[in-house]
Amino acid sequence: MNDYTKFGIGLAVVAVIFGILWRMGYLLRLTRYVQDTKEELKKCTWPTVDELKGSTAVVMITILLLGLFIVSVDFLITVVVNVLTNINKTA
């Protein structure tokens with residue numbers, strides 16, 4: 001098969017699937033869903049640039065603090081496990 005035949009078959013398959021979905025009403029429901037979503041998004045209040053910068057700073061600081069906490073706990077657990085394994089080796 002050459003490339004044009006493969007393309008034609010693929011296009012025909014897409015057209016048949018599109019026709020089936022159209023006939024069953026799925027495309028109408030998808031269109032209605034997208035329209036409803038657009039309407040709902042118009043009702044949303046979006047943050048200003050300053051609010052967005054402030055929220056971003058809070059998230060970054062929180063992530064930094066959480067990362068430091070996890071590193072500290074991991075280091076502490078590593079030290080405790082090393083001490084316990086060294087006690088068992090010397091005994």
I need the [X] [atom1] to [Y] [atom2] distance, nearest 0.5 Å.
X	Y	atom1	atom2	result
Arg23	Ile20	CZ	CD1	11.0 Å
Ile63	Ile70	CD1	CD1	10.5 Å
Asp36	Lys38	CG	NZ	11.5 Å

task = State yes or no: do Trp22 and Met24 share one hydrophobic cluster built from I, L, V, M, F, W and Y residues joined by side-chain heavy-atom distances below 4.5 Å, directly or via other members?
result = yes

query = If you group Ile, Leu, Val, Met, Phe, Trp and Tyr by side-chain heavy-atom gaps below 4.5 Å, do Tyr26 and Phe18 land in one group?
reply =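 Linked within one cluster.
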
What I'd like to find out is whether the side chain of [X] reaches to under 4.5 Å of the side chain of [Y], using heavy atoms alone.
X	Y	answer
Phe75	Val79	yes
Leu64	Ile61	no
Gln35	Thr31	yes

query = In chain order, what residues pass the side chain to side chain contact (heavy atoms under 4.5 Å, CB included) check against Ile17, with sequence neighbours excluded?
reply = Val13, Leu21

task = For Ile77, enumerate each residue passing the side chain to side chain contact (heavy atoms under 4.5 Å, CB included) test, keeping only those at least two apart in sequence or located in another chain.
result =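 Counting only residues at least two positions away or on another chain, Ile77 forms a side chain to side chain contact (heavy atoms under 4.5 Å, CB included) with Val73, Val81.
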
query = Does anything in residues 42-68 pair up under side-chain hydrogen bond (donor to acceptor under 3.5 Å, both in side chains), and if so which pairs, sequence neighbours excluded?
reply = Glu40-Lys43

